[in-house]
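The residues of the chain are indexed from 1 along the displayed sequence.
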Amino acid sequence: MRRTVADSGSSGTGNGYQYNHVEEENNRSENELSDKVKALKSLTIDIGDEVRYQNKMLKGMDDDFDRGSGFLSSTMNRLTAIARSGSNWHMCYLLLFCVLVIFVLWLILKFR
């Protein structure tokens with residue numbers, strides 16, 4: 001049960017003082033709560049902006065990976081076609097040689 005200033009049993013001028021004191025405390029608490037709500041609102045807006053930005057970046061990455069996947073699948077299809085033809089083994093050797101050269105160059109540049 002909530003007690004009011006009138007229920008406290010005080011009489012006369014004490015009631016006015018207690019009422020003012022409680023009212024000031026309520027106003028102070030209200031202002032503190034209002035400041036906290038404003039800070040939370042600002043934080044929520046910032047989080048929303050960051051989420052939208054991250055979603056945009058992820059969508060861009062997804063598109064890039066889709067393009068890369070399409071490129072790799074078409075390359076693999078071409079390599080499979082080359083490997084299936086019996087007379088083009090020299091192309092496979094050339095491809096392996098190119099991959100090996102690129103790998104060696106990468107190692108040289110990495111550990112330079």
Side-chain angles (χ1 to χ4, degrees):
M1 183 168 129
R2 186 173 168 187
R3 290 183 57 137
T4 62
V5 176
D7 293 338
S8 65
S10 299
S11 62
T13 60
N15 284 341
Y17 173 75
Q18 284 181 344
Y19 178 76
N20 287 338
H21 178 68
V22 170
E23 193 65 32
E24 287 174 9
E25 186 177 329
N26 283 342
N27 288 338
R28 196 171 34 250
S29 296
E30 181 183 347
N31 289 336
E32 289 174 6
L33 186 60
S34 175
D35 291 342
K36 289 179 183 180
V37 167
K38 287 177 186 175
L40 283 174
K41 181 180 178 184
S42 174
L43 182 64
T44 304
I45 290 171
D46 291 343
I47 289 172
D49 292 342
E50 184 67 24
V51 166
R52 280 188 287 280
Y53 174 74
Q54 293 293 330
N55 281 338
K56 183 175 130 184
M57 295 297 287
L58 286 173
K59 184 174 176 7
M61 285 177 58
D62 186 42
D63 293 342
D64 291 342
F65 277 113
D66 284 343
R67 273 187 255 130
S69 175
F71 178 73
L72 285 176
S73 65
S74 65
T75 303
M76 285 304 297
N77 289 338
R78 290 180 191 149
L79 286 175
T80 303
I82 289 172
R84 285 188 181 154
S85 67
S87 62
N88 290 329
W89 279 105
H90 63 282
M91 292 298 284
C92 287
Y93 291 135
L94 180 63
L95 177 69
L96 288 175
F97 176 74
C98 289
V99 170
L100 180 67
V101 168
I102 290 172
F103 180 71
V104 168
L105 288 174
W106 176 75
L107 285 176
I108 290 171
L109 292 175
K110 181 175 178 160
F111 295 112
R112 192 174 192 194

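- One finds the CG atom of L33 at 9.5 Å from the CG atom of L40 (value rounded to the nearest 0.5 Å).
- With hydrogens and angles disregarded, a donor-acceptor distance shorter than 3.5 Å links the side chain of T75 to the backbone of F71.
- Think of V51 as one node in a network of Ile, Leu, Val, Met, Phe, Trp and Tyr side chains linked at under 4.5 Å; its network also takes in L43, I47.
- Here the straight-line distance linking atom NZ of K59 with atom NZ of K56 works out to 11.5 Å at 0.5 Å rounding.
- When atom types are taken as modelled, the side chain of D62 and the backbone of L58 share no donor-acceptor pair closer than 3.5 angstrom.
- Atom NZ of residue K41 and atom OG1 of residue T44 lie 10.0 Å apart, to the nearest 0.5 angstrom.
- For D49, the side chain to side chain donor-acceptor pair (under 3.5 Å) criterion is met by R52, not counting sequence neighbours.
- R67 meets the salt bridge (Lys or Arg N to Asp or Glu O under 4.0 Å) test with D64; sequence neighbours excluded.
- Residues V104 and I108 meet the side-chain proximity criterion, which asks for heavy atoms closer than 4.5 Å.
- Residues passing the side chain to side chain contact (heavy atoms under 4.5 Å, CB included) test with N27, sequence neighbours excluded: E23, E30.
- Residues satisfying the side chain to side chain contact (heavy atoms under 4.5 Å, CB included) test with E50, not counting sequence neighbours, are Y53, Q54.
- V101 forms part of a hydrophobic cluster together with F97, L105, judged by ILVMFWY side-chain heavy-atom separations under 4.5 Å.
- Although no hydrogens or angles enter the test, the distance criterion places a donor-acceptor pair under 3.5 Å between the side chain of T80 and the main chain of M76.
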